[in-house]
Number of protein chains: 2
Amino acid sequence: MTAGSLPEPPVTDLLDSVLHPVRGHHAFEACVERLATAIRLGVYPLGTTLPSERDLAIRLGVSRATLREAIAALREAGFVETRRGRGGGTVVTQKPKTPAGRAAVRVTAAKRRAWLDALDFRRVVEPGAAALAAERELTDGQREQLEQALADVNEARKPAEHRQADSRLHLTVAALSASPRLIEAVTSVQASLHEMLLAIPVLDRNIAHSDRQHARIVRSVLNGQPTRARRAMEDHCDDTAALLRGLL
Amino acid sequence: MTAGSLPEPPVTDLLDSVLHPVRGHHAFEACVERLATAIRLGVYPLGTTLPSERDLAIRLGVSRATLREAIAALREAGFVETRRGRGGGTVVTQKPKTPAGRAAVRVTAAKRRAWLDALDFRRVVEPGAAALAAERELTDGQREQLEQALADVNEARKPAEHRQADSRLHLTVAALSASPRLIEAVTSVQASLHEMLLAIPVLDRNIAHSDRQHARIVRSVLNGQPTRARRAMEDHCDDTAALLRGLL
DNA sequence: TAAATTCGGTATGAACTCAGACCTTTATCC
DNA sequence: GGATAAAGGTCTGAGTTCATACCGAATTTA
C-alpha cells in the first residue's frame with residue numbers, strides 16, 4: 001500500500017457508531033411491537049377502542065394490509081378483540097400484567113446493556129421534556145389532562161394499574177413538551193422501562209416517595225418553572241435508576 | 001350507543017402522538033440518506049474509503065443488494081467512486097459543500113417545523129451527551145481524539161471545512177458518552193442542523209465565539225466536570241439556535 | 001510466478017409490502 | 001323501513017427487499 005498518500009482513516013472506533021441499522025424489523029413486526037407497547041403502557045387502557053384500521057395505517061406509515069396482519073397477531077395473542085360494522089373496531093381486552101404474572105424474560109447480555117443505556121438516555125430526555133413542558137403556554141385542557149394523569153397515579157391501587165398510570169403520566173409530560181422527537185424518545189424509553197419492571201419485580205415500598213416526586217414534577221410544570229421541573233424529574237429518574245441498577 | 005358503559009376514550013389529543021410512523025422511507029432511500037449524511041458530516045472525509053459493501057450492509061441492517069443500489073445512487077450523484085479488486089472499495093470524492101454552492105432548498109412548512117423541533121431536541125440531547133461524556137473515565141486515546149477534533153475545528157479555514165469539523169467534534173463528544181441512543185440522537189440532530197445551515201447561509205462573524213465555546217466544552221469534558229460541560233453545551237446550543245431561529 | 005484473499009459485480013427466487021378497489025356487516029338518521 | 005355512513009374483510013398485481021449463491025478483478029503472499 002502506498003502509505004502516506006492516503007488520508008488518515010477517520011476515527012473509526014468512535015464515529016462508526018453513526019451507522020446504526022436503518023430500521024429494526026419488518027414493518028409487520030414493528031407495528032405489532034408499537035401497538036403492544038402502546039397498550040401495555042396504557043395509552044389505550046383496557047376497554048378502549050383503537051383508532052380505525054385506515055387511520056392507524058396512516059399514522060404508523062404502513063399499508064392497511066400490513067397493519068391488519070399486525071392486529072391479527074395482537075388478536076391471537078389476546079391483546080384485543082375486533083367487532084365489525086359501524087361503531088365496531090378493535091378494543092383492548094388485555095388486563096395490565098403484573099410482574100409476577102409473567103414468565104421471567106431471559107436477560108441476555110445484550111438486553112442488559114440496552115437496559116442500562118435506556119436508563120442513561122432517560123436521565124437525559126425525560127428531564128429535558130419536563131423542562132420544555134414547563135416553558136410552554138398550556139391550555140386549560142392540557143393542564144387538566146396533566147392533573148388527571150397525576151390523580152390516576154395516586155388513585156391506582158393494584159401494582160399493574162399503578163405502572164400503567166405512571167407511564168401515562170410520563171408520556172403526558174412528554175406530550176406537553178410538544179416536541180415530536182422528544183415524545184418519541186420518551187415513548188421508547190418508557191417501553192424499555194416497562195420491560196425492565198416486568199422482568200425485575202421491584203418492591204413497592206417506595207411508591208409514596210415516587211408519588212411525591214410526581215407531584216413535584218407536575219406542580220413545577222403547571223407553574224411554568226422549567227428549572228425546578230427538570231430538577232424534579234432528574235431526581236425521580238435517579239431514584240428509579242438506582243433501584244433498577246441495583247437489581248441488574 | 002350505550003353511552004356511559006364504555007370507558008372514557010384516552011386523552012387522544014396528547015397521547016396519540018405516540019403513534020409515529022414505523023419507518024420513514026424505503027430501505028434504499030434510508031441508506032442513501034444515511035450515507036450521504038455521514039459523508040456530509042465528515043464522518044468519512046474526502047479521500048477516505050468507506051467500509052466494504054458486506055460490512056456496510058450488516059451495519060445498516062440491510063441486504064447487500066439494497067446497499068449496492070444506494071451506493072450506485074451516491075456514485076451517480078458524484079459523492080463517491082468505486083474501485084474493484086482487493087484493496088478496492090468506495091472512496092469519497094465529494095468536496096464539502098458550502099452554503100452558497102448549493103441551490104436553495106425549498107423550505108416547506110413541514111420542514112420548517114421539523115427544523116424548529118430539531119433545535120429543541122438538540123438543546124436536550126447534546127448537553128446531556130456532554131455531561132455524560134464528562135462523567136466517563138476516558139482512555140488516553142479518547143482524550144486525544146477529542147483534542148484532535150477540537151484542533152481540527154480551530155484550524156479549519158474554509159467555511160465548508162469548518163462546518164464538517166464542527167459536526168465531527170459534536171459527534172465525538174456524543175460518542176464519548178458511550179450511549180448508543182444518545183449517539184443516534186445527536187447524529188440525527190446534526191444531520192438536521194447541517195441541512196439548515198446549507199439552506200440558510202449564516203454569517204461567519206461568530207466563529208471565534210463558537211470556537212471559544214467549543215474549547216470550554218472540551219475542557220470541561222476532559223476535566224470530568226459534568227455540570228460545567230452541560231452548561232457550556234447549553235450555551236453553545238442556545239447561541240446557534242437563536243441565530244437560526246432568527247433566520248427562519 | 002502461483003495461490004489465496006478481499007474486494008466489487010451479477011443473478012435468482014422467495015418473502016414482504018404497498019396501493020387501491022370492492023364487499024360485508026352494523027349502527028344511525030330520516 | 002330504507003338510505004347512509006363507518007367500520008372491518010378480501011382480493012390482486014406491482015414493486016421492494018432479502019438471502020444466498022457464484023463470477024471477475026486486483027492485491028498480497030508464499
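Small disclaimer: the values here were computed from a predicted structure and weren't measured.
Comparing B/S63 and A/P51 by the nucleotide of DNA chain D whose heavy atom lies nearest to each, the residue mapping closer to the 5' end is A/P51.
Looking at A/R54, its side chain comes within 3.5 Å of the base of D/dG8 through a donor and an acceptor atom.
A donor atom on one side chain and an acceptor atom on the other are not found under 3.5 Å apart for A/S179 and B/D120. For the residue pair B/S177 and B/R136, no side-chain donor N or O sits within less than 3.5 Å of a side-chain acceptor on the partner.
Computed from coordinates, the B/L74 CG to C/dG8 C1' distance equals 16 Å when rounded to whole Å. When the C1' atom of C/dT17 is taken as reference, atom CZ of A/R68 falls 15 Å away, rounded to whole Å. At whole-Å resolution of the value, CD1 in B/I71 and C1' in C/dT10 are 15 Å apart. One can place CD of B/E69 at 7 Å from P of D/dT17, the figure rounded to the nearest angstrom. Look at CD on A/E53: it is 10 Å from P on D/dT10, rounded to the nearest Å. Between B/R64 atom CZ and C/dG8 atom P the separation is 7 Å, expressed in whole Å. Rounded to an integer number of Å, the gap from A/D55 CG to D/dA5 C1' is 16 Å. Counting to the nearest Å, the P atom of D/dT16 and the CD atom of B/E29 are 9 Å from each other.
A sub-4.0 Å separation between OP1 or OP2 of C/dT6 and a side-chain N or O of B/S52 is absent. Taking only side-chain nitrogens and oxygens, A/H26 comes nearer than 4.0 Å to OP1 or OP2 of C/dT17.
Residues from residues 80-88 of chain B lying near DNA chain C, meaning a heavy-atom separation below 4.0 Å, are B/T82, B/R83, B/R84, B/G85, B/R86 in numerical order.
Among the nucleotides D/dT17, C/dC18, C/dG8, the one closest to the side chain of A/A27 is C/dC18.
Comment: A/D166 engages A/R163 in a salt bridge, judged by a side-chain N to carboxylate O separation of less than 4.0 angstrom.
Atom CG in A/L50 sits 10.0 Å away from atom CG in A/D55 (nearest 0.5 Å). Taking CG from A/L116 and CZ from A/R112, the interatomic distance works out to 5.5 Å, rounded to the nearest 0.5 Å. Rounded to the nearest 0.5 Å, atoms OG1 (B/T93) and CD (B/E81) are 5.0 Å apart.
Of the listed residues (A/R84, A/R59, A/R68), just one forms a salt bridge (Lys or Arg N to Asp or Glu O under 4.0 Å) with A/E53, and that residue is A/R68.
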